[in-house]
Amino acid sequence: MIQHGYEMDFSKQTFGVILYGAPGIGKTTLALSDGTMGADTLLIDLEHGVSRTNPIHRMNANILSAATYEEVLKDLDTDAARMAKNIVIDTAGSLVDYLKDWAMRTKSDAKTKSGSFNGLKGFGHVKSELESFVNRIKTVMNKNVIYIFHCDERADKDGNPIQRLRCEGSFRNTVWTGIDFGAYIQMIGNKRYACFTPEDEFFAKGCHGISGHIEIPNLNTGVPNDFMARLFENARKTMAEENDAVSGQLDLYNGVISAVKDMLEGVTDADSANACMNAILSLDHALTSKKESSMMLNAKCKSIGLKFDPQSKSYVPAGDGK
Amino acid sequence: MRFKITKTLIESWQYIFDCYEGGEEDAMNDFLHTLRREPQEPTEAMKNGTNFENLCYKMATTAGAQIDKQEENWLKGAAKISNIITGGQIQVPVSCDLSVAGRDFWLYGICDVVKAGTIYDVKFKNKGLGSADVYGNYLNCSQHSFYLRALPEAQTFIYLVSDGEDLYTETYTRKDAKPAEEYIMNFYAWLMTNPELLKIYDERWAVE
């Protein structure tokens, strides 16, 4: 199906999310906050830690426990996984450990002669399998994917605390590329916050109107555990608004770039270059089309032996001493 | 009289404070080279960065581009980047005037790629992305603040970071970017406390 940009429907848009923070801060409970006591969620419990959450918040959730990575894959091919809207990986650092174990058992070069993990070769296998795993759940199965990470507190050069994801290999970096939101969960005073804007102490990622510190409700007061459900809903609403605002601009931008490409076909000498320059300036521009158009004209002029003369503000033959 | 200011100058100054323990003297010497606008011999790491960037551009602009031996190791990462930047304009100069603390500055830079309202900057990591944390490294980088300021039509700035295999992206919008003036103010205030260095700056960075 081909849609025009302005016709796009974001009502079923899925997201990738990172949640990280100190042990006991409530990351798993937050990941289960789909507003249905977990009915919309499949939790891949790789650390066997879901038992520490309040039973009410996982009442309807499907919990995937597995001893090996192969078991995880097998369980993803079930109705429970297919029906879920959200897949929680608890924790992503443990998933890498499962994959190291898988690589050592199935890839001969992932194990050293002494039987330990061969980081050099092994992480290559872990990385490519992880890519395909993430692709499967995010793109093919079209789920919201929530990655939970523990965090390590380290010190920067001046001794100030910085919070980092606890995870081996390149995934701790590349995971940020495929996600929409990344929050550091922390206590400020006696309240919990999901922090979506990066600060010196921690990295974070926000978009589609989700930014800054968002307070996580105290669930003891009987409020529903629906933080993520509301977050996704708000993001979808903002995406639709952003799309309405931008699609006109993007259409105009594409129109200008296309028109300029056509105009450049007719540039053969200084006169036609200067006429083209004036025509470009008179266009109704959008986004960075004006800058890009002048770069395109400049490249074309250079290719036919012209240069821009700043004094006369026009293109002249490059050999001209002016 | 205006004074040219670039992200390279600010970065080399910031590095005096952010360098590894014991590297302060080297950092200061590097900064002095930059301040004096002395040409510097590129290190192996810098050459790799330039070569990788050129590979990305080549793949983005030339169908069936010839790839040499060294570039073969970087094909995977370069392909991920070229997919993003294809169709954009490469090496786009941008500039603007701004006034800080009563002094006129001319902010100048070259965007790696500009495409549909987004500025892209290609970064190469000589060490694999698995060996160190990269995320958040650009939070205090003046580059996105400067370039978004100098190209007001751009909405977003994206760092495209690769080790030749993987790709890490870090995105900043206009709203996320610290004011360019803040970086310039801090730099200028520091120069004011170092009259000899301020004199060098005044001499070497003045523009008509």
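In what follows, every chain begins at residue 1, and chains take the letters A, B, ... in the order their sequences are listed.
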Tell me, side chain or backbone of [X] under 4.5 Å from chain B's heavy atoms, or both, or neither?
{"X": "A/S289", "value": "neither"}
{"X": "A/L165", "value": "both"}
{"X": "A/D200", "value": "both"}
{"X": "A/F123", "value": "neither"}
{"X": "A/Q249", "value": "neither"}

Sidechain-backbone polar pair: A/T174 side chain, B/Y168 backbone, donor-acceptor under 3.5 Å
no
Within the side chain of A/K291, is there an N or O that forms a donor-acceptor pair under 3.5 Å with the backbone of B/P93?
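Looks like yes, one N/O pair under 3.5 Å.
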Of all of [options], which one pairs up most often with chain B through heavy atoms under 4.5 Å apart?
{"options": "A/H285, A/M296, A/E168", "value": "A/M296"}
{"options": "A/F202, A/F203, A/Y253", "value": "A/F203"}
{"options": "A/K127, A/E199, A/R172", "value": "A/R172"}

At a 4.5 Å cut-off on heavy atoms, which part of [X] comes close to chain A: side chain, backbone, both, or neither?
{"X": "B/T173", "answer": "neither"}
{"X": "B/P152", "answer": "neither"}
{"X": "B/Y159", "answer": "neither"}
{"X": "B/D18", "answer": "backbone"}
{"X": "B/I90", "answer": "backbone"}
{"X": "B/Q91", "answer": "backbone"}

Drop me the distance from A/K290's NZ to B/L151's CG, to the nearest 0.5 angstrom.
11.0 Å
Any chance you could measure A/W176, atom CH2, to B/D133, atom CG, to the nearest 0.5 Å?
10.5 Å
Sort out for me which residue in B/E153, B/Q89, B/Q155 forms a side chain to side chain contact (heavy atoms under 4.5 Å, CB included) with A/T288.
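Among the candidates, only B/E153 passes.
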If every non-hydrogen atom of A/L287 is compared with every non-hydrogen atom of B/A116, which pair is closest and at what distance?
CD1-O, 3.8 Å
Would you check if A/N173 and B/D166 make a side-chain contact, meaning some heavy-atom pair closer than 4.5 Å?
no
Report yes if some heavy atom in the side chain of A/S211 is under 4.5 Å from a heavy atom in the side chain of B/K175; otherwise report no.
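When only atoms from C-beta onward are counted, B/K175 and A/S211 do touch, with a gap below 4.5 Å.
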Kindly check if the number of other-residue, nucleotide or ligand heavy atoms within 6.0 Å of CD (B/E25) is above 12?
no
Just checking, A/R164 and B/Y135: is the charged tip under 6.0 Å from the six-membered ring centre and within 45° of the axis?
yes
Could you go step by step and tell me if B/E170 and A/K205 meet the salt bridge (Lys or Arg N to Asp or Glu O under 4.0 Å) rule?
CA-CA 9 Å; B/E170 196 161 306; A/K205 187 173 179 180; over 6 Å; no
